[in-house]
Amino acid sequence: LQLVESGGGLVQPGGSLRLSCEASGFTLRYYTIGWFRQAPGKEREGVGCMGSSGGFTIYIDSVKGRFTISRDNAKNTVYLQMNVLKDEDTAVYYCARKDVTCSPFATDFPSWGQGTQVTVSS
């Protein structure tokens, strides 16, 4: 069972990135997938979550309206679309898997990807 994030990189403020979380060894649409981020010296925080139904929730007020979560069942992949990026969005972004309901808490997710670095800087 594996989750692999990709799509991170260096982007200027105001730019966009789409992060991918590809699953292998299991069918992603049957599980809840959370997106988290961790900036240097800060706690890991829940960005958002998509349940098995395909509905999603964004937890961080400062990214609401800028970030969305989507899923491609054929590719067994969940995406985090990030628009109008700001310096404070700089972090390592992770996806994680759990059963049943969404949660903003990292401790509720037993399975994690390795993370992908997002750096927003001019």
Side-chain angles (χ1 to χ4, degrees):
L1 305 180
Q2 193 173 16
L3 293 166
V4 178
E5 301 95 335
S6 62
L10 173 64
V11 62
Q12 291 187 340
S16 297
L17 282 175
R18 188 179 74 162
L19 305 184
S20 300
C21 172
E22 183 176 5
S24 60
F26 68 98
T27 303
L28 188 145
R29 69 179 184 270
Y30 295 144
Y31 294 88
T32 292
I33 300 298
W35 281 101
F36 294 81
R37 68 184 185 184
Q38 188 165 20
K42 294 189 176 181
E43 297 280 326
R44 191 169 297 190
E45 62 178 346
V47 175
C49 185
M50 172 172 276
S52 58
S53 67
F56 72 91
T57 301
I58 298 295
Y59 296 121
I60 302 175
D61 287 341
S62 65
V63 310
K64 287 179 180 177
R66 299 191 293 121
F67 289 14
T68 58
I69 301 173
S70 62
R71 186 174 71 198
D72 186 331
N73 293 335
K75 294 183 178 180
N76 213 27
T77 300
V78 169
Y79 302 98
L80 178 66
Q81 178 67 45
M82 307 186 295
N83 299 325
V84 195
L85 283 161
K86 303 177 180 180
D87 291 354
E88 54 263 39
D89 296 319
T90 295
V92 178
Y93 283 73
Y94 301 87
C95 64
R97 187 195 90 168
K98 70 183 298 290
D99 294 325
V100 195
T101 57
C102 273
S103 168
F105 305 112
T107 52
D108 289 340
F109 288 77
S111 301
W112 290 79
Q114 83 290 349
T116 185
Q117 175 71 47
V118 171
T119 302
V120 185
S121 175
S122 55

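Note that the coordinates shown come from a computational prediction; the quantities given were computed from them, not determined experimentally. Values below: all heavy atoms of this structure, side chains included; hydrogens, waters and symmetry mates excluded.
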Taking every heavy atom of Leu17 against every heavy atom of Gly7, the minimum-distance pair comes out as CD2-O, 3.7 Å
Please answer: with hydrophobic residues joined when any side-chain heavy atoms are less than 4.5 Å apart, are Val4 and Leu1 in the same cluster?
no
Assess the residue pair Asn83 and Ser16 against the criterion (side-chain contact (heavy atoms from CB on, under 4.5 Å)); give the C-alpha distance rounded to whole Å, side-chain angles, the decisive distance to 0.1 Å, and a yes or no.
CA-CA 4 Å; Asn83 299 325; Ser16 297; 3.0 Å; yes
Considering only heavy atoms from C-beta outward, does the side chain of Pro13 approach that of Val120 to under 4.5 Å?
yes
Pick from Met82, Gln117, Gln38: which one makes a side chain to side chain contact (heavy atoms under 4.5 Å, CB included) with Tyr93?
Met82
Is it the case that the side chain of Ser122 and the backbone of Gln12 share a donor-acceptor pair, with hydrogens and angles ignored and the cut-off at 3.5 Å?
no
Going by heavy atoms in the side chains, are Pro110 and Lys98 under 4.5 Å from each other?
yes
Is the backbone N or O of Leu28 less than 3.5 Å from a side-chain atom of Asn76, with the two atoms forming a donor-acceptor pair by type?
yes
Using modelled atom types and a 3.5 Å cut-off, is there a donor and acceptor pairing between side-chain atoms of Arg71 and backbone atoms of Gly51?
yes
Flag yes if Phe109 and Leu3 sit in one hydrophobic cluster, no otherwise; membership is Ile, Leu, Val, Met, Phe, Trp, Tyr, and two members link when side-chain heavy atoms are under 4.5 Å apart.
no
Closest non-hydrogen atom pair between Thr116 and Gly8, with its separation:
OG1-N, 3.1 Å
For the residue pair Ser121 and Thr90, establish whether any side-chain heavy-atom pair is separated by less than 4.5 Å.
no
Counting distance only, does the side-chain N/O of Ser20 pair as donor-acceptor with the main-chain N or O of Glu22 below 3.5 Å?
no
Applying the side chain to side chain contact (heavy atoms under 4.5 Å, CB included) criterion to Val118, which one of Leu10, Leu19, Val92 satisfies it?
Leu19
Could you tell me which non-hydrogen atom of Val84 sits nearest to which non-hydrogen atom of Arg66, and how far apart they are?
O-NH1, 2.8 Å
Could you check whether the rings of Trp112 and Phe36 sit parallel, tilted or perpendicular, using 30° and 60° as the cut-offs?
tilted
So, does Glu5 use its side chain to make a donor-acceptor pair with the main chain of Cys95 at under 3.5 Å?
yes
Least distance between heavy atoms, Tyr94 atom then Gly115 atom:
CD2-CA, 3.5 Å
Verify the neighbour count for atom CZ of Phe26: are there more than 12 heavy atoms of other residues, nucleotides or ligands below 6.0 Å?
yes
Under a 4.5 Å side-chain heavy-atom rule over Ile, Leu, Val, Met, Phe, Trp and Tyr, are Val100 and Val78 clustered together?
no
Same apolar cluster: Phe67 and Tyr59, side chain cutoff 4.5 Å:
no
Decide, yes or no, whether a salt bridge links Lys86 with Asp89 under the criterion of side-chain N to carboxylate O below 4.0 Å.
no
Single-linkage hydrophobic cluster, 4.5 Å side-chain cutoff, Leu80 and Val11 together
yes
Measuring only between side-chain heavy atoms, which start at C-beta, is Phe56 closer than 4.5 Å to Ile58?
yes
For Ala91 and Ala39, which heavy atoms make the closest approach, and how far apart are they?
CB-N, 3.8 Å
Taking the cut-offs as 6.0 angstrom to the six-membered ring centre and 45 degrees off its axis, would you call Arg18 and Tyr79 a cation-pi pair?
yes
